[in-house]
Amino acid sequence: MRTHLCGAVRETNIGHTITVCGWVGRRREHGEHLAFLDIRDHSGIIQCVVDNNVDVRSEYVVQVTGVVRARPEGTINANIPTGAVELGDCVVVVLNSAESPPFAIDARADDVDELIRLKFRYLDIRRERLQKNLRLRASINSAIREAMELQGFVEVETPMLMPSTPEGAREFLVPSRKEPGSFYALPQSPQLWKQLLMLAGIDRYYQIARCLRDEDLRADRQYEFMQLDAEMSFVNQDDVLSAIGAAVTAAATAATGYAPPQIERMTWRDAMENYGVDKPDLRFEMKLVEVTSVFSATEFKAFAGAQSIKAICVDALTYPDAAASGRNKLDAFTDRAKKMGAKGLVWIKVGADLVFDSPVAKFLSDTEKAALLRSTGAVQGDLILIVADEWATTCEVLGQLRNDIGRPPVHEGPYRYVWVMDFPLFVGVDPVTGAPRPGHHPFCHPHPDDIHLMETDPLKVRALAYDLVLNGWELGSGSIRIHEPELQRRVFNLLGISDDEADKKFGFFLQPFKYGAPPHGGFAFGIDRLTAVLAGEENIREVIAFPKTQSGTDPMTNAPTHVDAKHLTELGLRVLPPPVSA
RNA sequence: GGUCCCGUGGUGAAGUUGGAGUUCACGCCGCCCUGUCAAGGCGGAGGUCGCGGGUUCGAGUCCCGUCGGGACCGCCA
């Protein structure tokens, strides 16, 4: 139907008769016998010069045949790639008329309410932003596949219908028609399948896999999302990082046109100590400063005896607004700190002659003040924020404040990839059973140097587990898995899961390990998140064709919907009345 | 489950101390217009101010509730 794409017409085509197809964009009418039409397809727009009797409106679908010609002197549009040429002597065939759309399809500075965009998603996708993002996503997927294939990974598809497994995220359930009362679960990830594929001798598996989790949605979380899921046999940690690094590097190169530098590494401990989060945004400084020793003999009660005291210095040159915060803002920081679990937040504004402006200034000795200035490097105009609490709380609270104050918009700054290594095997203890809780999942291999601590000091045991972080976004995580049944049993027992229970819950998964499990490890990272960051989007909905709202609905299809009673009966289901709230 | 922000013609916004559905830009419809490109000029249509209560002589505006959207906390092994 067409010989050229609209956005591809150039001066080299001058003199040729060509045919383009697309949607009518803007029309500029100049009396009876002259009008300009912008015809748009996914590649761009081309200006067509037509007789004003041609009756077409916005978003009509047309086929235009005409002669490519140079635009007259002085009428060249430098803002568009096709701006030096136009289509003349046009014959316009209307392939379809169209009602005027609920919002403008051409790119506008004003953005449209997202509810309306989602209701008319097919029109939203017609616009430049989503066209660009979806095509970027496709090129990222393609680059990842190529990188994985090159490294000998075999693409294997795994089931969407699987048994429910007890641990981890809430699952979506699918009722069984043949066995009423029984359910399949949709996979939170192909974790169990891919480990079985290692036992099965696939050696290197990958899949761009759909994962489903029935947990509340966020800017970086949808019910369904895509992961590059991979697993490798006979490898150590470095082998996995290098293989996945190659895929990420290929994706980033495809998206941005240049390769990112070697992905740096940081221990989890260092990430927490310096950035207060396990997904540090390395695009900006404002690191956490250790000041516990400064206050070892302090008179100030809130600091005396605190396990960990840390500070951040809000530099007035970089963050003039935050550093000059008034009482309201400082109270808001304090509220935020308290909501994160801190007992309080100490703020100090450094004034002229380095005089402290702070409610607690009078409790601090001159020695302490001097030491604080020295450690934080604070100068006149800066704002110092201090938290004194248990180590984890101190780090997390200041890490959050650091992000709140300093984090640049997603489209700004360099791409800073970092592997966060040596995650703890267990994080905290179950308040009911007192058993430690897995930091990642129960199949992570403990760090060989720490295995002897498992029973005596479990919270000190590191795992061979690692996250990939980009500009403060957790892209994904992985680990070396336990392949020894005996060690797996030890971990389960520590988690308070008896051999019997483990067999009941994970039997289909654990049994096969008796038959010769190779050492293996793997990784998975979120394609949506990677694409969003590389597209400069704050929200993964902008890189997903048909996303759900924060409440999990689709305004276009109205999903989820009620179903016929007959349908339910067939599945052996009955819907309960909604619970009456008190 | 919780905190916060938002909801006004088709779209995006403004709406002051509570005083007539008022205003602006875009779009839409009609007319004029031969080199525009966010074309221009003139005219016109278009409203359950999300919904329901309450206060008031009077509510887009204040109060309560509710629905919807968004950000975050919890949650996401």
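Basis for what follows: all heavy atoms, side chains included, without hydrogens, waters or symmetry-related copies. We name chains A, B, ... by the order of the sequence lines, and we start the count at 1 in each one.
- A donor and an acceptor atom sit less than 3.5 Å apart, one in the side chain of E86(A) and one in the base of G35(B).
- Using the Watson-Crick or G-U wobble rule with both distances under 3.5 Å, C37(B) pairs with nothing in any strand shown.
- Side-chain contact of E537(A) with N133(A): a donor-acceptor pair under 3.5 Å is present, judged by distance alone.
- Not a single donor-acceptor pair under 3.5 Å links the side chain of Q400(A) to the backbone N or O of R336(A).
- At a cut-off of 3.5 angstrom, the base of G27(B) holds no donor-acceptor pair with the side chain of R57(A).
- Counting only heavy atoms from C-beta on, N77(A) has its side chain closest to C37(B) among C75(B), C37(B), A71(B).
- Dashed line: the shortest gap from a side-chain N or O of S551(A) to OP1 or OP2 of G69(B) is under 4.0 Å.
- Side chain of D38(A) to main chain of Q47(A): no donor-acceptor pair is present (N/O by atom type, distance under 3.5 Å, no hydrogens or angles).
- Remark: the separation of the P atoms in C37(B) and C26(B) is 14 Å, to the nearest Å.
- Pairing partner, C4(B): G70(B), with both Watson-Crick or wobble hydrogen-bond distances short of 3.5 Å.
- The gap from the P atom of C4(B) to that of G9(B) amounts to 26 Å, rounded to the nearest Å.
- P438(A) comes within 4.0 angstrom of the backbone, heavy atoms only, and of no base.
- Between Q188(A) and C76(B) there is no side-chain polar atom (N or O) within less than 4.0 angstrom of OP1 or OP2.
- Comparing G21(B) with G60(B), their P atoms sit 7 Å apart, to the nearest whole Å.
- Contact annotation for I80(A): no contact, since no heavy-atom pair falls under 4.0 Å across all strands.
- Comparing A14(B) with C75(B), their C1' atoms are spaced 40 Å from each other, to the whole Å.
- Residue-level contact check: R218(A) touches the bases, meaning some heavy atom is under 4.0 Å from a base atom.
- Distance from the side chain of A219(A) is smallest to A71(B) among U3(B), A71(B), G70(B).
- Here the side chain of V112(A) is nearest to one of U34(B), G70(B), G12(B), namely G12(B).
- If you check the side chains of N558(A) and T561(A), you find no donor sitting under 3.5 Å from an acceptor.
- Taking atom CG on D113(A) and atom C1' on G7(B), their separation rounds to 8 Å, with Å as the unit.
- Among the protein residues, R336(A) comes within range of the sugar-phosphate backbone only, with heavy atoms under 4.0 Å from sugar or phosphate atoms but none that close to a base.
- Of the candidates C37(B), G68(B), C75(B), the closest approach to any side-chain atom of R71(A) belongs to C37(B).
- Comparing the P positions of G10(B) and U3(B) gives an interatomic distance of 33 Å, to the nearest angstrom.
- Not one side-chain nitrogen or oxygen of S100(A) sits closer than 4.0 Å to the OP1 or OP2 atom of G10(B).
- Comparing U34(B), U11(B), A71(B) by their closest approach to the side chain of L34(A) singles out U34(B).
- When both distances must be under 3.5 Å, the Watson-Crick or G-U wobble mate of U11(B) is A25(B).
- With distances taken from any side-chain atom of F36(A) to the nucleotides U36(B), G68(B), G12(B), the minimum falls on U36(B).
- Between the P atom of U8(B) and the CG atom of L115(A) lies a distance of 11 Å, rounded to the nearest Å.
- Rounded to whole Å, the separation between the P atoms of G7(B) and G12(B) comes to 11 Å.
- In this structure, N539(A) reaches the A71(B) phosphate: one of its side-chain N or O atoms is under 4.0 Å from OP1 or OP2.
- Between S58(A) and the phosphate of C28(B), there is a side-chain N or O to OP1/OP2 separation shorter than 4.0 Å.
- Taking 4.0 angstrom as the limit, R28(A) places none of its side-chain polar atoms (N or O) nearer than this to OP1 or OP2 of U36(B).
- Defined by atom type and a distance below 3.5 Å, a donor-acceptor pair is present between the side-chain atoms of D229(A) and Y205(A).
- Side-chain N/O atoms of D111(A) and base N/O atoms of G12(B) include no donor-acceptor pair closer than 3.5 Å.
- R69(A) comes within 4.0 angstrom of a base, heavy atoms only.
- Atom name P, nucleotides C49(B) and U11(B): the rounded distance is 15 Å, in whole Å.
- A donor and an acceptor atom, one from each side chain of Q195(A) and Q191(A), are located under 3.5 Å apart.
- Residue D214(A) is classed as having no contact, given no heavy-atom separation below 4.0 Å to the nucleic acid.
- Across all strands shown, P72(A) has heavy atoms under 4.0 Å from base atoms, whether or not it also approaches the sugar-phosphate.
- Between the P atoms of G65(B) and G58(B), the separation comes to 23 Å (whole Å).
- Checking U11(B), C29(B), C76(B) against every side-chain atom of A169(A), the shortest atom distance belongs to C76(B).
- Side-chain contact annotation: D41(A) with S43(A), donor-acceptor N/O pair under 3.5 Å present.
- The base of U36(B) is paired with the side chain of Q47(A) by a donor and an acceptor separated by under 3.5 Å.
- Counting atom types as modelled, R221(A) pairs a side-chain N or O with a base atom of C75(B) as donor and acceptor under 3.5 Å.
- Judged by distance alone, the side chains of Q207(A) and T158(A) do bring a donor and an acceptor atom under 3.5 Å apart.
- The side chain of H30(A) has G35(B) as its nearest neighbour among G35(B), G10(B), A71(B).
- With rounding to whole Å, N53(A) atom CG is found 13 Å from U34(B) atom P.
- Comparing F103(A) and V49(A), the nucleotide of RNA chain B nearest to each residue sits closer to the 5' end for F103(A).
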